[in-house]
Amino acid sequence: MNLSNFNEFCNRAASQGVLFYYTGEFSSNVIGTLSDTVRERLEALGTPNKHGRKVFSTFMEMAQNILHYADDSATAGRRIGALAVGHEDGKFYVLCGNPVRIDHVERLRAKLEPLRSMTLDEIKAAYREQLRNEAHAEDTLSKGAGLGFLTMAREASEPIDYQIIHHAGDSTYAEFYLRAVI
Amino acid sequence: MQALHIPATKETPEVRLDPVNMSFHLSGESYPENAMAFYAPVRASLQSFLESPAVGSGVQAHFNLRYFNSASTKLIRALVGMLQQKAAEGIRIVAHWHHDPDDDMMAEFGADLKDEFDAIEFNLVASETV
């Protein structure tokens, strides 16, 4: 990238309200550093606790999802992803993207699609049900409590949005993007 | 039963088990990469604490959490479930669930625990000092 392109990149990020953007490897140390940065940025903006906590919670769920689920088969075990936090039209947004295995795509859709048409009360009911669901251990893919997307959906003020972009040819992974507005 | 004190880290809460006062404290933030690895020994310590003879005089449990991630959620609930089991045996268990007054998620989580684990004397405390 030359300097004028970089200038364009910076201006574009600023015009979209980007407060924070990271792309690269996600590890525990990286997430620790990013979390400090996110909190400092939110504090510097004078964000009320109530909103700051929701933004932070959503950021953490997304960052740990990348750490646990980003497909690392093409990157020698390194979990690569992108994450952005921004403020636009009076609301915060948190975005993330990472490669996922093709054979996990349908599972993601099945988890996310129903959330998009649920009311907040329905999301809270589903959250409570999942919280008490002891059979979750049968979901061998999940490394958490199966509550990650439900937590994000609870914090969000709009339905969470996602996109799956397939590569041409016989690629073993697709790009998975997720957006939450708080 | 020995006293237990696990100091807080950036990603894990402070844990205290005090067999003199029969009190249990969990405070701070909880978002470890591997929540199970952190909570398994806490669970084991709480279990032996609850089995100590002094438990007959009752237990005070203080939850003072600022934030926890989704992976910690079920594990924190399970600790309250252990207290409930003891309370159901007739032991007096008083729990204090502190939350920031602006934190509706933490308040609702506490209210749900209070509803579900009804053998515990459960106090929801909105306090600025969290």
Side-chain angles (χ1 to χ4, degrees), chain A residues 26-36 38-39 47-69 79 120-121 123-125 127-137 142-157 182, chain B residues 8-13 28-40 42-43 63-82 84-85 97-118 126-130:
Chain A
F26 279 70
S27 64
S28 266
N29 283 340
V30 166
I31 293 177
T33 308
L34 299 186
S35 65
D36 288 341
V38 169
R39 277 194 166 142
T47 312
N49 276 353
K50 185 174 177 165
H51 294 120
R53 194 202 54 74
K54 286 175 189 286
V55 174
F56 185 80
S57 165
T58 306
F59 152 81
M60 186 56 67
E61 293 302 324
M62 288 191 187
Q64 291 188 327
N65 272 355
I66 296 173
L67 180 65
H68 290 141
Y69 305 117
R79 310 285 186 170
L120 182 60
D121 282 343
I123 289 166
K124 285 183 181 178
Y127 178 96
R128 287 191 181 99
E129 191 180 330
Q130 180 59 25
L131 184 62
R132 295 170 191 190
N133 175 13
E134 305 296 342
H136 177 67
S142 177
K143 292 174 185 166
L147 287 164
F149 292 140
L150 282 164
T151 299
M152 289 181 217
R154 263 187 88 154
E155 310 280 24
S157 61
I182 288 116
Chain B
T9 70
K10 188 178 159 70
E11 302 171 352
T12 55
E29 301 205 90
S30 181
Y31 54 98
E33 181 185 339
N34 186 342
M36 193 65 92
F38 177 78
Y39 282 99
V42 173
R43 198 187 161 86
F63 297 88
N64 205 332
L65 294 158
R66 181 168 173 236
Y67 164 69
F68 50 82
N69 68 352
S70 67
S72 300
T73 308
K74 276 193 180 178
L75 299 161
I76 292 169
R77 176 179 168 273
L79 298 177
V80 183
M82 291 166 67
Q84 160 80 8
Q85 207 170 8
W97 184 267
H98 298 266
H99 65 88
D100 184 303
D102 288 336
D103 189 344
D104 48 355
M105 190 100 156
M106 197 64 84
E108 281 176 30
F109 196 83
D112 283 353
L113 292 174
K114 183 184 164 96
D115 280 350
E116 187 181 3
F117 299 123
D118 56 2
S127 55
E128 304 278 352
T129 53
V130 170

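Each chain gets a letter, A, B and so on, in the order its sequence line appears, and its residues count up from 1.
Here the side chain of Gln130(A) pairs no donor or acceptor atom with the backbone of Leu150(A) at under 3.5 angstrom. With hydrogens and angles ignored, the 3.5 Å screen pairs a side-chain donor or acceptor of Ser35(A) with a backbone N or O of Ile31(A).
Residue Asn34(B) does not touch chain A at all, counting heavy-atom pairs closer than 4.5 Å. Using a 4.5 Å cut-off between heavy atoms, Tyr67(B) touches chain A through its side chain atoms alone.
Annotation: maximal heavy-atom pairing with chain A below 4.5 Å, among Glu11(B), Met36(B), Arg77(B), occurs at Arg77(B). Among the candidates Asn49(A), Thr151(A), Leu131(A), the residue making the largest number of heavy-atom pairs closer than 4.5 Å to chain B is Leu131(A).
Taking the six-membered ring where tryptophan is involved, the planes of Tyr127(A) and Phe109(B) are perpendicular, since the angle between them exceeds 60° and thus also 30°.
Under the 4.5 Å side-chain criterion, counting only non-hydrogen atoms from C-beta, Arg53(A) is not in contact with Met106(B).
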